[in-house]
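So the structure is just underneath, and the comments pick up after that.
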Amino acid sequence: MDTILETNAAVESVRLAHDGKSDRPRPEWVRGICPQCGEELVSNCYYVGGRGYLVVWDCWASLQDDYTCTYRKVL
C-alpha cells in the first residue's frame, strides 16, 4: 500500500532521527518500543507541500540500510 510519503514528490524531510552516522537514536527522539520487533520508535517530521506537516513514528530498525522491520505509525 502506497502512503503519501511514497507517492507525493512534494514531501520534504524536516527532521530525521536517522542521519546514518549513529548506531542508536538520540534519547529525545525515542517515543516508545516497536510492537513488531522491540527496537525503539523514533519521531520524524515531514513537510507535505500544500498539506502541512506530517509526524511519523518509525521503527529504528526500519531506518537502517539493511532494514529488518517495516513498522511506521503516522500521527
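Keep in mind the model is a prediction, meaning the values are calculated, not measured.
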Next item on the list: Could you tell me which non-hydrogen atom of V55 sits nearest to which non-hydrogen atom of S43, and how far apart they are?
Entry: CG1-OG, 3.6 Å
Check: Out of R31, K73, E40, R72, which residue meets the side-chain contact (heavy atoms from CB on, under 4.5 Å) rule with D58?
Finding: R72
Notebook entry, point to check: So, for V42 and P25, which heavy atoms are closest and what is the spacing to 0.1 Å?
Noted result: CG1-CB, 3.4 Å
Notebook entry, point to check: Are L41 and L75 connected, step by step, through hydrophobic side chains (Ile, Leu, Val, Met, Phe, Trp, Tyr) whose heavy atoms are closer than 4.5 Å?
Noted result: yes
Item checked: Verdict with supporting geometry, L54 and C45, side chain to side chain contact (heavy atoms under 4.5 Å, CB included) -> CA-CA 6 Å; L54 186 64; C45 184; over 6 Å; no
Check: For the atom pair SG (C69) and CD (E39), what is the distance rounded to the nearest 0.5 Å?
Finding: 8.5 Å
Check: To the nearest 0.5 Å, how far apart are OH in Y71 and SG in C37?
Finding: 10.5 Å
Item checked: Heavy-atom closest contact (S62 atom, T70 atom, distance) -> CB-CA, 4.2 Å
